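Working notes, structure below.
Fair warning: this is a prediction, and the values are worked out from it, not measured in the lab.
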Amino acid sequence: MVLVVVMGVSGAGKTTVGSRLAAKLGWKFYDADDYHSPENKKKMAEGIALSDEDRIPWLCALHDILRREHLSRQDAVLACSALKKIYRHVLVSGKSAIKSNHPEQSRENPALQILFVHLDGSVDTIAGRLEKRRGHFMPPELLKSQFDTLEPPCAPENFVTVSLEKSLPEVVLEIERAIFSG
């Protein structure tokens, strides 16, 4: 049973890559954007960056989805920005991560084993993608705040970084290799 979170700044291609990967593998796919509160979507549409307080309930709800898939032994892919280390900890451990800033291991609620896939690209590459995107609540003006917030994953987190300089099929294949080699 595998849980994958495809992460990165807005415009990195999380939904495109995640949905393509899930379809190729026959796994469930979730887009974290679908779970933002109306208030969060309104804030972003108005060009206001979300605070940690805005994000934590959303991340806890996403953790609950991943926990449910884990308990039902269902492989799943989640497209989620997961920009900060604490956000990834919340995805792994739920609310307990907020208090300790570290994933907690307990018998009742053990930390989830998640592979974080960081879609990494330059500001220029991603800005170009955002300019072409239509109908999304996240305006291109917030890209700088996304990069300012980003804390790329690092050891001991379970992650792989994939360059956006590659084609979509190459990106998906690289992620597949990481899943099945580890």
[X] and [Y]: which non-hydrogen atoms are nearest, and at how many Å?
X: Ile98; Y: Cys60; value: CD1-SG, 4.2 Å
X: Arg88; Y: Ala82; value: NH1-O, 2.8 Å
X: Val172; Y: Val17; value: CG2-O, 4.3 Å
X: Trp58; Y: Ala32; value: NE1-O, 2.9 Å
X: Pro153; Y: Glu157; value: CA-OE1, 3.2 Å
X: Leu21; Y: Glu176; value: CD1-CG, 4.0 Å

Group every Ile, Leu, Val, Met, Phe, Trp and Tyr by side-chain heavy-atom contacts under 4.5 Å, then state whether [X] and [Y] land in the same group.
X: Phe147; Y: Leu164; result: yes
X: Phe180; Y: Leu173; result: no
X: Leu71; Y: Val4; result: no

May I ask you to test the [X]-[Y] pair for a side-chain heavy-atom distance under 4.5 Å?
X: His89; Y: Val92; result: no
X: Thr125; Y: Glu165; result: yes
X: Arg67; Y: Pro110; result: yes
X: Val2; Y: Leu25; result: no
X: Leu62; Y: Tyr87; result: no
X: Leu50; Y: His36; result: yes
X: Leu150; Y: Met7; result: yes

To the nearest 0.5 Å, what is the distance between [atom1] on [X] and [atom2] on [Y]?
X: Ile86; Y: Leu91; atom1: CD1; atom2: CG; result: 10.0 Å
X: Leu3; Y: Gln74; atom1: CG; atom2: CD; result: 9.5 Å
X: Phe29; Y: Asp75; atom1: CZ; atom2: CG; result: 15.0 Å
X: Leu112; Y: Met1; atom1: CG; atom2: CE; result: 7.5 Å
X: Ser81; Y: Leu119; atom1: OG; atom2: CG; result: 11.5 Å
X: Lys95; Y: Ile56; atom1: NZ; atom2: CD1; result: 10.5 Å

Those residues that, when tested against [X], pass side-chain contact (heavy atoms from CB on, under 4.5 Å) (two or more places apart):
X: Ala49; answer: Leu142, Ser145
X: Lys42; answer: Glu46
X: Pro57; answer: none
X: Ser37; answer: Glu39, Asn40

Considering residues at least two apart in sequence or located in another chain, which fulfil the salt bridge (charged side-chain N to carboxylate O under 4.0 Å, His left out) criterion with Asp54?
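Here the qualifying residues are Lys43.
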
Counterpart residues, ring-ring contact (aromatic ring centres under 6.0 Å, His included), relative to Trp27 (two or more places apart):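 Scan of Trp27 (ring-ring contact (aromatic ring centres under 6.0 Å, His included), adjacent residues dropped) gives none.
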
Just by distance, do the side chain of [X] and the backbone of [Y] share a donor-acceptor pair under 3.5 Å?
X: Glu174; Y: Val171; answer: no
X: Ser19; Y: Thr16; answer: yes
X: Gln146; Y: Ser10; answer: yes
X: Asp120; Y: Ser163; answer: no

Please test His118 against Phe116 for side chain to side chain contact (heavy atoms under 4.5 Å, CB included), starting from the C-alpha separation and ending with a verdict.
CA-CA 6 Å; His118 177 209; Phe116 289 94; over 6 Å; no

- Task: List the steps, then state whether side chain to side chain contact (heavy atoms under 4.5 Å, CB included) holds for Asp52 with Lys84.
- Result: CA-CA 10 Å; Asp52 287 355; Lys84 287 185 177 181; 3.1 Å; yes

Practice prompt. Please check if atom CZ in Arg20 has more than 12 non-hydrogen atoms from other residues, nucleotides or ligands closer than 6.0 Å.
Written response: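 Not more than 12 within 6.0 Å, no.
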
